[in-house]
Structures are given as structure tokens and as C-alpha cells.
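Report on one structure; see the data block that follows.
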There are 4 protein chains.
Amino acid sequence: MFFRIDPSDDLAIYDQVVRQVKFAVAGEVVRVGELVPSVRELARELTINPNTVARAYRQLQADGVLEPIRGTGLAVAAGAHEQCRTERVTLIRARLRQVLFEARQSRLDSGQLRSLIESELAHVEREEV
Amino acid sequence: MFFRIDPSDDLAIYDQVVRQVKFAVAGEVVRVGELVPSVRELARELTINPNTVARAYRQLQADGVLEPIRGTGLAVAAGAHEQCRTERVTLIRARLRQVLFEARQSRLDSGQLRSLIESELAHVEREEV
Amino acid sequence: MFFRIDPSDDLAIYDQVVRQVKFAVAGEVVRVGELVPSVRELARELTINPNTVARAYRQLQADGVLEPIRGTGLAVAAGAHEQCRTERVTLIRARLRQVLFEARQSRLDSGQLRSLIESELAHVEREEV
Amino acid sequence: MFFRIDPSDDLAIYDQVVRQVKFAVAGEVVRVGELVPSVRELARELTINPNTVARAYRQLQADGVLEPIRGTGLAVAAGAHEQCRTERVTLIRARLRQVLFEARQSRLDSGQLRSLIESELAHVEREEV
DNA sequence: GTGGTCTAGACCACC
DNA sequence: GTGGTCTAGACCACG
């Protein structure tokens, strides 16, 4: 896993975990049927409380993304890949709208906005390689 | 004012108000020296609790964006315009990075991402007119 | 409220609370729009941990039975009455099937079973008055 | 054996096994002195973990229902039949009370409750043939 | 006052 | 080892 938790983010930690697991499933970083990291392991890795991870995993079960294999762990549920791919666009679009709304509200110049987007896109793509 | 409060947003309401006031100042929707709406008035307008508005205004005073005028109300502080213009880019860039990070993390295809951005930009610009 | 929590029950405490709230809504002991007892109050009343009540209430929100009123409390959601009335039959039927299955599996005589049911029904109805 | 294990049941799997063995003894589906299926065999049959069966059998020995026959297996203990017949009523009555309590708590109408019971009884009896 | 989140640590059931 | 539940207690956002 390659999760990144930001405690100063407005989003609750458990929710950050939920989103990132969904994104990982959407991107097939974890495949259907595979086990996700154990509660304790992920908690150790992210240096957060196991209860917080457990809460995120519970949510993911409720959302049909994970399913329990008793005594073994949690696996990515059948159909979760498609579901998460769809949800991914929804989630990202929502955030995008928020950014653009704020840009517009602050009367950020259209050209400035586009160049900001381009520079950040370039920044991300540079990391990507 | 033309604020938009979303109670279901993860962001705290008072924080939404803070951001939007800063954006309004950055965009010169309210100018330096002008009074912002009173706590009660804004609360009524947004149908949120006056305490919440008061809290946001307190924050904005701490951030140097607003300054009290005895017996009159709160005015946009000198220098707030430049400050907010700078901060605006920082805030928007931060959100933008978050979106792009999630897009990348979910392995959203570059082309898909760009077309998503374009469609949302178009959407915003359509509203803008 | 008149909840009864049995820590020795196989059912998790938070789940007992969930069921009983649903039953209370189904039976209109609490009506749509009314506030349910606060987390802390119900926790005190049942002498369980507030977190446990909070968890049950979170579940009930997810199930659409309760809805938050910010800073005020949790209210029975619109439509929850009908939903809970329907769900009530499902929940009770499931339990009933389990009992009858076990009765049959242990080859309990049909007559004995019926008289057992009758005696318990009478027992309950006696209390009811 | 004709056990039915429901992993999604709230009841622990080992406990389902315990109950069902007791019911089988009560109903003389297995008679005193007879051997119950080996741990591995029953585990295979129910597609559950052998440890779980072993645990159930351990419990049943502690409860005096089964007794080990060195080098042979586990047999239904002397007196287990009567014991289980008695226990059966206790177990079933407990569940019955729970159902009726919930029915009453949700203010399910007496007539509706009775007709629900009748329909489920009919359902069970139909299967029985 | 309200609910929500998080941490810390214990115990249980299951594999 | 796994996840699930529960307790205890702290802090935050909101009204």
C-alpha cells in the first residue's frame, strides 16, 4: 500500500482511508479477491489507531467493497472493481467542482486558473514517472 | 454576498465561511474598508447559527482580513486584498493537488482526467455568464 | 425509553440498541421528527459506553432511520416509521424461523411446540397489561 | 447429520454446532453410545474450519453431552438424551421469549403476531414432510 | 448542551 | 495471526 494520511486534512482520517482504498481498488492496485492489509498492519504503517482503520474497513464493508473472510482477513469483494471505478469519477468530479467553484468565486482569472492547473498537472505527471 | 454553504460538506461550516470571505476579498467583491454583513444578517442569509458566523469572523480577524470598527462593525482590513489574493492561490493549489493526487492514486487515465477537467471548466464557465 | 440491554445476549450491544430503536420507531413510541435520547443520556440510562450508543446511532443514520440536527441531536427521519414497520416484520420473522427450525431439528413434538408458544404468548400478554 | 450452518448468523459458528448437536441428541437423531462424525469429517461436510468443530466438541464434552472413546472418537454420553431434551426446551423457550419481547416492544398487533406465527409454523411443517 | 472523531487498551471469536 | 466489540477518556465543531 502507498497510502498517505494527512491528519491536518479537513477530511476525517477514517474517511481518507476509505477513499484511498476505493481508489486502490479502482486502479487495481489491489485486485478482487485479494486481501487488504490487516487492521493492525495498516494502523502501524500509517501510525494511526487500529480502531480508526477498523472503522474505515467497516465502512468499506457496508459499501460492498470489502468482504470478511473469517479468521483470515478482508478481501476485495466481487464487483468492487467496477463499482469503485464508477465511484472514483464521482468523487473526483465533486472535488474538482469545489476547486473550480472557489476559483470562480475568488474571481481568479480564467487564464491564471488554466495555467495553475497545467502546472499542477505537470507536477503530478513528473512524479508519476 | 453570494456565499454557498453546504452543510453536508466535510468542511466545517465556519471554515466554509472563512474561505468564502477570503475569496470575496481576493476577488474584490468586497473592497478594503468596506463593512462585511453583520453576524446576525449573514447568519440569517445563510440560515446558519450566528455563533458559527461569529466564529468565522473571529478567525478572519485573527488572520488579519477583517478589523473591528468600534460601534460600527467589521471592515475589510488594509492590505487584506493582497494577502487574500496570495492566499487564494495557495488554497486553490492545495485543493488542486489533492484532486490530482487522488486521480493519480486511482490510476485515472491522463486523457480521462483532462477531459473531466475540461468538462467541469466548461460547466463552471457556462454558469459564469 | 424503555430499552433492555442484555450483555450476555449473542447480539452485540450496539445491535441491540439499533433493533430496539427501530422497534420503537415502528411502534411509534418515538414519532417522526422527534429527538431520540442523546448519546450520553442513553448511555447513562443503559449503563453502557457512550461510544457504543454512538455507534448504534451512526448505524441508524446509515439505515435512514435517524437524521442529525446539527448541535441539537438526532431526530427520527421522515419515512422512518413506514420503513421500520416493514423491517420489523422481517426481523421478527427471521428470529421466528430460527426458533421453529431448532424446534423441528430437535424433533420437538408439534403439540408441545404449540403449547410452549401459547404459554409464552400468554406470559407476554400478561405483562402487557 | 443434517446441520445447517449460517456464517452470516450473529451466532458464532461453533455455537451453532453445539446447539445443533444437542438438538440432534434430544431428537434421538443420534442415540446414546453412538459416535458422532469425526472433527475432520464434520468440518468437511459443513465446510467450516476443523478448529471450529473441535471447539464445539470440546464444549459438548464439557457439557457432558459427548464423551471420548479412546482411539475411536466421540460418543453420545449416557444420560445425554434426557439432559438435551430438557435443555432443548430451555433454549427454545429463551429464543421464543426474545421474539415475543421484540414483537411486543415494537407494538406488533397481537393478531398480526399470531398470523405471522401460524404462517411460519405452516412453512416449517410443509418442509417437514 | 449536542454529535463526531480519535486514541489507548482490553477481551472475544475464529482460523 | 485475523476482525469485532467494548470501555474510557480527550478534543473538536456546532447551537
Side-chain angles (χ1 to χ4, degrees), chain A residues 5 7 9-17 35-43 46-61 66-75, chain B residues 5 7 9-18 43 47-56 59, chain C residues 5 7-17 35-43 46-61 66-75, chain D residues 5 7 9-17 43 47-56 59:
Chain A
I5 258 54
D9 192 346
D10 306 303
L11 212 56
I13 293 178
Y14 83 92
D15 218 344
Q16 295 183 43
V17 174
L35 294 177
V36 291
S38 81
V39 169
R40 292 162 175 85
E41 188 187 337
L42 188 54
L46 304 177
T47 56
I48 58 178
N49 191 285
N51 277 324
T52 305
V53 177
R55 171 153 184 202
Y57 278 2
R58 209 184 305 135
Q59 178 70 45
L60 286 160
Q61 284 180 68
L66 298 183
E67 61 185 4
I69 303 190
R70 293 181 70 141
T72 303
L74 295 168
Chain B
I5 259 51
D9 191 347
D10 303 303
L11 205 56
I13 291 177
Y14 87 95
D15 216 348
Q16 295 184 42
V17 174
V18 167
T47 58
I48 60 179
N49 193 290
N51 282 324
T52 306
V53 177
R55 161 126 200 223
Q59 177 70 44
Chain C
I5 259 52
S8 72
D9 192 346
D10 305 304
L11 213 55
I13 293 176
Y14 82 92
D15 220 343
Q16 295 182 44
V17 174
L35 294 177
V36 291
S38 81
V39 169
R40 292 162 174 84
E41 187 188 338
L42 187 54
L46 303 176
T47 56
I48 60 179
N49 192 285
N51 278 324
T52 305
V53 177
R55 172 152 184 203
Y57 278 2
R58 208 183 306 136
Q59 177 70 45
L60 286 161
Q61 284 180 69
L66 299 183
E67 61 185 6
I69 304 190
R70 293 181 72 143
T72 304
L74 295 168
Chain D
I5 259 53
D9 191 348
D10 303 303
L11 205 56
I13 292 177
Y14 87 95
D15 215 349
Q16 295 183 44
V17 175
T47 58
I48 59 178
N49 192 289
N51 282 323
T52 307
V53 178
R55 160 121 201 228
Q59 177 71 44

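In this text, all values refer to a predicted model and were calculated from it rather than measured experimentally. Just so it is clear: chains get the letters A, B, ... in the order the sequence lines come, proteins before strands, and each one is counted from 1. In what follows, every heavy atom counts, from backbone to side chain, and hydrogens, waters and symmetry copies are set aside.
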What is the distance from [atom1] of [X] to [atom2] of [N], rounded to the nearest Å?
X       : N      : atom1 : atom2 : value
A:Leu46 : E:dT7  : CG    : P     : 10 Å
A:Arg70 : F:dG4  : CZ    : C1'   : 10 Å
C:Arg58 : F:dC6  : CZ    : P     : 12 Å
A:Ile69 : E:dA13 : CD1   : C1'   : 17 Å
C:Ile5  : F:dT5  : CD1   : C1'   : 14 Å
B:Asn49 : F:dG15 : CG    : P     : 5 Å
C:Tyr57 : E:dT2  : OH    : P     : 11 Å
A:Asp9  : E:dT5  : CG    : P     : 14 Å

Give a yes/no on whether any side-chain N or O of [X] is located under 4.0 angstrom from OP1 or OP2 of [N].
X       : N     : value
C:Thr52 : F:dT7 : yes
C:Gln61 : E:dG3 : no
A:Arg40 : F:dG1 : no
A:Tyr14 : E:dC6 : no

- The answer to which of C:Pro68 and A:Ile48 contacts DNA chain E further toward the 5' end, by nearest nucleotide, is C:Pro68
- Query: Base, sugar-phosphate alone, or nothing: which one does A:Asn51 contact when heavy atoms must sit under 4.0 Å apart?
  - Reply: base
Given [options], which nucleotide is nearest the side-chain atoms of [X]?
X       : options              : value
D:Arg55 : E:dG3, F:dG9, E:dC14 : E:dC14
A:Ser38 : F:dG3, F:dT5, E:dT2  : F:dG3
C:Ile13 : F:dC6, F:dG15, F:dG3 : F:dC6

- Query: Hey, are the side chains of A:Pro68 and A:Tyr57 touching, using non-hydrogen atoms and a 4.5 Å cut-off?
  - Reply: no
- Close side-chain approach of A:Val17 and A:Leu46, heavy atoms under 4.5 Å: yes
- Message: Could you measure the distance from the CD1 atom of B:Ile13 to the OG1 atom of B:Thr52? Nearest 0.5 Å is fine.
- Response: 6.0 Å
- Minimum heavy-atom separation for B:Ile5 to B:Gln16, with atom names? CA-OE1, 3.6 Å
- Message: Both C:Thr72 and A:Ala54 contact DNA chain F. Which one's nearest nucleotide lies toward the 5' end?
- Response: A:Ala54
- Query: Paired with F:dT5: which nucleotide, if any, by Watson-Crick or G-U wobble criteria at under 3.5 Å for both distances?
  - Reply: E:dA10
- Query: Can you tell me if A:Gln59 uses its side chain to pair, donor with acceptor, with the backbone of A:Asp15 under 3.5 Å?
  - Reply: no
